[in-house]
Amino acid sequence: MRQFRFVAALCAALSLLIAVPARAAVNVVTTLPDLAALTKAVGGDLVQVQSMALGSQDPHRVDAKPSLALALRNADLLISVGLDLEIGWLPNLQTGSRNPRIQVGNAGFLNASQFVRLLEVPATKVDRSEGDVHPGGNPHYLYDPRQAAAVARGIAERLAQLDSKNAGTYRANATRFVTELDAARAGWEQRLAGLKGVPVIAFHRTTPYLADWLGFEPIAFLEPKPGIPPNPSHVAQVLVQSRQRKVRMVLIESYYNDREAKMVANMIPAQLVVLHGGTDFRAGETYIQHINEMVGNLEKALTAGKGG
Amino acid sequence: MSPVSRRPRVALVVASFLVLLSTASASAQESVPSPSPDAGIPEPDAGADAGSAEEAPPGLTPEELAEIEKAFGGDTQSGVPATTSAPPTATPGGGLPLSIPGSGSGTNLLDMSFILDLAAAAFTSKEPLQGGAHDPSRNGFNLQQLELSIGSVVDPYFRFDANIVYSQFGVEIEEAYGTTLALPASLQVRAGQFLTRFGRLNPTHPHAWDFADQPFALSRVFGGEGNRGLGVELSWLTPLPWFVELTGSLTDATGEATARSFLAASNDRVLSPLDLQATGVVKQFFPLTDDLSLMWGLSVATGPNPTGYRNRTDLYGTDVYLRYRPITEASTTLVTFQVETFYRRRQVPKDVLTDFNGYAQAAWRFSQRWAAAARYELGTPARGENGEVAEDPLDPEWTKNRDRISANVSFWPTEFSRLRLQAARDHARWRDEADYSVFLALELVTGAHGAHAF
C-alpha cells in the first residue's frame with residue numbers, strides 16, 4: 001500500500017513536470033525583444049516566447065549569462081537577427097545550451113536576416129579600420145515595419161514547419177498581423193510625410209532602414225565610425241555640417257548615453273529624438289505599439305521643429 | 001615554367017568542380033525540396049530564391065509538402081511579397097539591395113582570430129617571481145603570446161575549437177578539442193586537450209583577464225600554463241530551475257608547464273586510471289536582478305604526485321563572481337568582483353603538506369573605454385601535519401607568506417584593442433624586501449573574435 005502511494009506520488013510529480021512545458025506547443029527564444037514581439041504576434045497562445053535581451057539593452061553587448069543558456073536548453077526555436085549582431089554572445093550560449101535543436105544548421109535555428117532586403121552590404125572588402133562594420137549588411141532592420149512584416153511571415157513559416165498541426169493558424173495570424181501592420185504603416189507614413197528629404201544626424205548607424213522607409217536623409221553620425229565613441233573634432237565637424245544643412249533632428253537609441261547627442265542637439269539647434277532600442281516585450285508591448293511610440297516621438301520632433 | 005602552366009589547370013579543376021556542385025544543388029532543389037533545413041544561413045544565392053529554400057522542411061511527409069505548397073500559393077495570393085524575394089523598391093537610403101556572395105554572415109566556415117599580447121615591463125628585482133607562462137617576466141619587452149583561435153561547427157554532432165599559442169621561439173597547442181552538440185539529457189562531452197574547468201580563471205585565456213598577468217595561485221598550484229591536459233570531460237546541465245552545471249573530467253596528470261601539483265614533468269607515467277587527474281566542478285548561477293548576477297563554483301581535483309608510491313594530491317577550490325552591469329538603462333558601467341581560493345593537500349613521504357592560495361579582485365569599467373582594477377593575492381607556505389612550516393618539494397624557498405597587490409588602468413580604443421598600465425607590489429616574506437613592477441601591455445584582436453563565456 002505504502003509502495004503504491006509512493007509510486008502514485010512519483011507519477012503525479014512526473015506528470016506535473018511534463019505537463020508544464022506542454023501548455024504551449026512551441027517554446028521560442030529570441031535574441032531581441034522585437035523578434036519576440038513578432039513571434040508572439042504570429043504564434044499567439046500556441047507559442048511561449050522569451051527574449052534574451054531587453055529593449056533597453058545594447059544588442060551588440062549582451063552578457064552571455066548562464067541563465068540564458070538555461071532558457072535555450074528547452075527551446076524548440078531560436079530566432080536571431082543575424083548579420084553578426086549577436087556574434088559576441090550567442091555562439092557560446094548555443095553550445096552551452098546542449099540543445100541540438102537550436103544549433104546553426106538545424107530547423108530550430110532561424111536567422112531572421114534571410115527575410116530582409118539588406119542595406120549597407122559592403123560591396124568591397126572591409127576591415128575594422130572602418131570601425132565595427134558588419135560585412136553581411138546593416139543588422140538594424142527591425143526599425144522598418146516593412147522588413148518586420150517579411151520577418152513575421154518568415155517566422156510563421158518556420159513555426160508551421162516545426163508545428164505542422166497548427167500551420168494554418170500561424171499563417172493566418174501572420175496574414176492578420178501583416179494586414180494590421182500595413183494599415184498602421186499607412187497612418188504612420190501619412191503622419192511622417194513631412195520627414196521626406198529632411199536632413200538628420202544620428203548617433204550610431206542604426207538608421208538606414210528607418211531612413212529607407214521614411215525617406216529622411218541621415219547626413220552624419222556622432223560616432224566617427226561604428227562603435228567608436230564621439231570625439232570633439234568629429235563632433236565639431238558634424239555640428240558645422242548640421243548647421244549648413246539645417247538639420248532638424250538628432251536620433252539616438254535609448255541604450256546609448258545621450259550626453260553628446262543632447263549637447264549637439266542644443267547647439268544646432270535641433271530636436272533630440274530618443275528611439276527605444278526595442279519593444280518592451282516583458283511589459284506586454286507589441287511591435288506595433290513600439291513602432292507607434294517611435295513614430296510619435298519622430299512626429300513630435302517634426303512638428304516642434306516646424307514651430308521653432 | 002611549370003607553376004605558370006599548372007595554375008590555369010588548377011583553376012579549371014576548381015571551376016568545373018564548382019559548376020558540378022552548383023548544378024547538383026540546383027537539380028536537388030528542383031526535384032525535392034532540399035532535405036537539409038536552411039536554418040538561417042543565407043546561402044550565397046539565398047537572396048535569389050530564399051523563398052523556396054526557406055520552404056524546405058526537414059521531414060518530407062506528403063502532408064507537409066502539400067501544406068507548404070498551399071502556403072506558398074497563399075503568400076502570392078495575399079499580395080504581400082514573401083520574404084527576401086520582395087522586389088527591391090527604390091532605395092532612398094542608397095543602400096545596396098542584395099548581399100554579395102561570400103560576404104554574407106554565416107557563410108564563413110571557420111572562425112579564426114589572432115590575438116597578440118605584448119608588454120613592456122620593469123621590475124625592481126633581478127629575479128621577478130612571475131610564474132605564469134604568459135606573464136611579463138623580465139625587464140624590457142615581452143611577447144606574452146600570439147594566440148591563434150580557430151573554431152567551427154564540424155557537423156550536426158560536434159564543434160571544434162583550438163587555441164594555438166606562438167611564443168617567440170616556439171609553437172604550442174594550448175587547446176584543441178571537440179565538443180558534442182547533440183547528446184541527449186543536457187549532457188555534453190569535450191575531448192582533446194583543454195584547460196580544465198577548475199575555478200573561474202583557469203579555463204580562460206589572457207585576453208579575458210582583467211590583469212596582464214595571472215594570479216600566482218594558478219602558477220604555483222597548476223603551473224605556468226594553468227591546469228590543462230589531454231583528456232575527456234563530461235558535463236551536465238541539470239534540470240533544476242536555476243543554472244546548475246556539473247562537470248567531471250579525466251586528464252593526463254603530466255605536462256611541462258601544467259599539472260604542477262600532480263606528475264607534471266616528472267618521469268612517472270600513467271599506468272592505471274588512478275594515475276590520471278580527476279576534476280569535478282559544480283557551477284551555479286543566480287541572476288539576482290536584471291543588472292546584478294552571481295556565479296558560484298566549487299571545484300575539486302585529485303591525482304598522483306611524484307613524491308612516492310601512490311602519493312596523491314588533492315585540490316579544493318571555490319570561486320565567487322559578482323557582476324553588476326545595468327541593462328535597464330543607458331549605461332556602460334560594469335563592476336565585477338571576483339574571489340578564488342585554492343586549498344591544496346599533498347601526500348609526501350612521512351607527511352601531508354597543506355597550503356592555501358587565493359586572490360580577490362575588483363574591476364570597474366566606468367566608461368565605454370576606461371576601466372580600473374585592483375587585486376590582492378595571498379599564498380601561505382606548505383605546512384605539515386603538525387602545523388609547522390615544512391619544506392615544499394615544489395617551492396623550497398616558499399617558507400613564509402607571500403602577498404601581492406596589483407592595480408591597473410585599461411583603455412580600449414575599440415573592443416578589439418586594449419592598452420593597460422599595471423603596477424604591483426609583490427611581498428614575498430622570505431625575501432629581504434618587497435618587489436615592485438610596472439607593465440604597459442598592448443593587446444590586439446583581429447579576425448572573427450569568438451564569444452566569451454560569462
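Worth saying up front: this structure is predicted, and the values here are computed from it rather than measured. Note on naming: letters A, B, ... go to the chains in the order of the sequence lines (proteins, then strands), and numbering restarts at 1 for each one.
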Leading residue by heavy atom contact count with chain A [cutoff under 4.5 Å; candidates Pro413(B), Pro156(B), Pro239(B)]: Pro239(B)
Results of ring-ring contact (aromatic ring centres under 6.0 Å, His included) for His276(A) - residues two or more places apart only: none
Portion of Ser97(A) that has a non-hydrogen atom of chain B nearer than 4.5 angstrom: backbone
Chain A contact via Pro241(B) - side chain, backbone, both or neither, heavy atoms under 4.5 Å: backbone
Best-contacting candidate, Leu183(B), Asp290(B), Thr179(B), against chain A by heavy atom pairs under 4.5 angstrom: Asp290(B)
Options Trp412(B), Trp242(B), Tyr157(B), Phe286(B), ranked by heavy-atom pairs under 4.5 Å with chain A, top entry: Trp242(B)
Heavy-atom contact with chain B under 4.5 Å, split by part of Asn99(A): backbone
Any side-chain heavy-atom pair of Thr95(A) and Gln188(B) under 4.5 Å: yes
Straight-line distance of Ser186(B) OG to Leu70(A) CG, nearest 0.5 Å: 8.5 Å
Closest heavy-atom pair and its distance - Ala330(B), Asn257(A): CB-N, 4.1 Å
Close side-chain approach of Ser67(A) and Phe243(B), heavy atoms under 4.5 Å: no
Any Pro66(A) side-chain heavy atom under 4.5 Å of Lys283(B) side chain: no
Note, Val153(B) side chain near Gln103(A) side chain (heavy atom, < 4.5 Å): no
Heavy-atom pair with the smallest gap, counting every atom of Thr289(B) and Lys65(A): O-NZ, 4.3 Å
For Arg325(B) against Arg61(A), the heavy-atom pair lying closest together: NH2-O, 2.7 Å
Minimum side-chain heavy-atom gap Leu54(A)-Thr328(B) below 4.5 Å: yes
Which portion of Thr414(B) sits near chain A, non-hydrogen atoms under 4.5 angstrom: side chain
Minimal non-hydrogen separation, Arg323(B) against Asp63(A), with atom names: NH2-OD1, 2.6 Å
Any Ile228(A) side-chain heavy atom under 4.5 Å of Arg369(B) side chain: yes
Interface moiety of Ser417(B) toward chain A, non-hydrogen atoms closer than 4.5 Å: neither
Heavy-atom check, side chain of Arg159(B) versus side chain of Gln94(A), under 4.5 Å: no
Interface moiety of Ser235(B) toward chain A, non-hydrogen atoms closer than 4.5 Å: both
Leu237(B) versus chain A, the contacting section by heavy-atom distance below 4.5 Å: both
Region of Arg259(A) in contact with chain B, defined by heavy-atom distances below 4.5 Å: neither
Structural part of Leu187(B) lying under 4.5 Å from a heavy atom of chain A: backbone
Heavy-atom proximity to chain B below 4.5 Å, by part of Val62(A): backbone
Atom of Arg73(A), atom of Leu240(B) and distance for their closest heavy-atom approach: NH2-O, 3.8 Å
